[in-house]
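None of these values were measured; they are calculated from a predicted model. Start at 1 with the first residue, then count along the sequence.
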Amino acid sequence: MNTFTNADEVKKWLRGLNLTKKELKSKIKFYEELVSDFSKARNLLGKTANYDSGLQFYNDEITFLNCKMKELVKDYKRLTDKLEANEKLIISEKYLSGAKWEYIELSTFISRRQAFRIHNAAITKLIGQSVELGNTGGVD
């Protein structure tokens with residue numbers, strides 16, 4: 001269990017959610033292309049071509065990332081339960097959706113200055129909270 005001691009740690013952890021999500025999507029896309037390419041190669045080379053071990057490696061990577069993402073989402077939900085509705089909105093737009101401040105301002109009808117205040121208040125509330133998984137960026 002890791003406890004946030006400052007705002008930078010909270011922000012880093014939250015940014016890692018989107019990075020893990022992007023990594024998972026990227027690996028799934030790569031895996032799907034790999035399966036397609038291996039299937040074409042099998043058709044050309046016949047049944048003698050065996051790529052199952054290569055596919056299994058990537059399938060295991062995807063399974064690992066799926067499990068990691070589920071745990072991160074549990075932590076995220078537990079953390080955001082401590083926030084007010086407008087704080088949850090700003091945090092999810094910023095870190096889950098990866099939205100820029102300009103978009104947040106337009107999509108939420110909250111001024112940028114007010115969005116900064118709400119964001120900073122939410123981050124401050126999360127200092128001292130604990131999460132199961134520490135660094136969320138990339139595969140450990």
T20 side chain to G16 main-chain N or O, any donor-acceptor pair under 3.5 Å?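 Indeed, once roles are kept as given, a pair shorter than 3.5 Å links the two residues.
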Donor-acceptor under 3.5 Å (S97 side chain, K94 main chain):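 Here the side-chain-to-backbone pair does not exist.
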Show the nearest heavy-atom pair for residues [X] and [Y], with the distance to one decimal.
X	Y	answer
D8	N6	N-OD1, 3.1 Å
E93	S107	OE1-OG, 4.0 Å
A7	I127	N-CD1, 3.5 Å

List the steps and the verdict of side chain to side chain contact (heavy atoms under 4.5 Å, CB included) for I90 and W101. CA-CA 9 Å; I90 298 296; W101 289 111; 4.1 Å; yes
[X] with [Y], same ILVMFWY side-chain cluster at under 4.5 Å:
X	Y	value
I110	Y103	no
L106	L89	no
I118	L96	no
L83	L17	yes
L72	V10	yes

Side chain to side chain contact (heavy atoms under 4.5 Å, CB included) assessment of L19 paired with E23: CA-CA 6 Å; L19 292 175; E23 182 181 7; over 6 Å; no
Pair W13 + Y95: ring centers closer than 6.0 Å: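 Aromatic pair excluded; centres sit 6.0 Å or further apart.
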Check this for me, if you would: do [X] and [Y] make a salt bridge, where the nitrogen-to-carboxylate-oxygen distance has to be below 4.0 angstrom?
X	Y	answer
E9	K12	no
E84	K88	no
D81	R78	no

So, do [X] and [Y] sit near enough that their side-chain heavy atoms are less than 4.5 Å apart?
X	Y	answer
K82	K125	no
Y76	V131	no
R112	E102	yes
Y31	E61	no
I91	I123	yes
I104	F116	no

Test side chain to side chain contact (heavy atoms under 4.5 Å, CB included) on K21 and M69 and set out the steps. CA-CA 7 Å; K21 186 171 76 170; M69 196 66 201; 4.0 Å; yes
Under the criterion salt bridge (Lys or Arg N to Asp or Glu O under 4.0 Å), I'd like the reasoning laid out for K68 against E71: C-alpha separation, chi angles, the key distance, then a yes or no. CA-CA 5 Å; K68 182 177 179 177; E71 290 302 314; over 6 Å; no
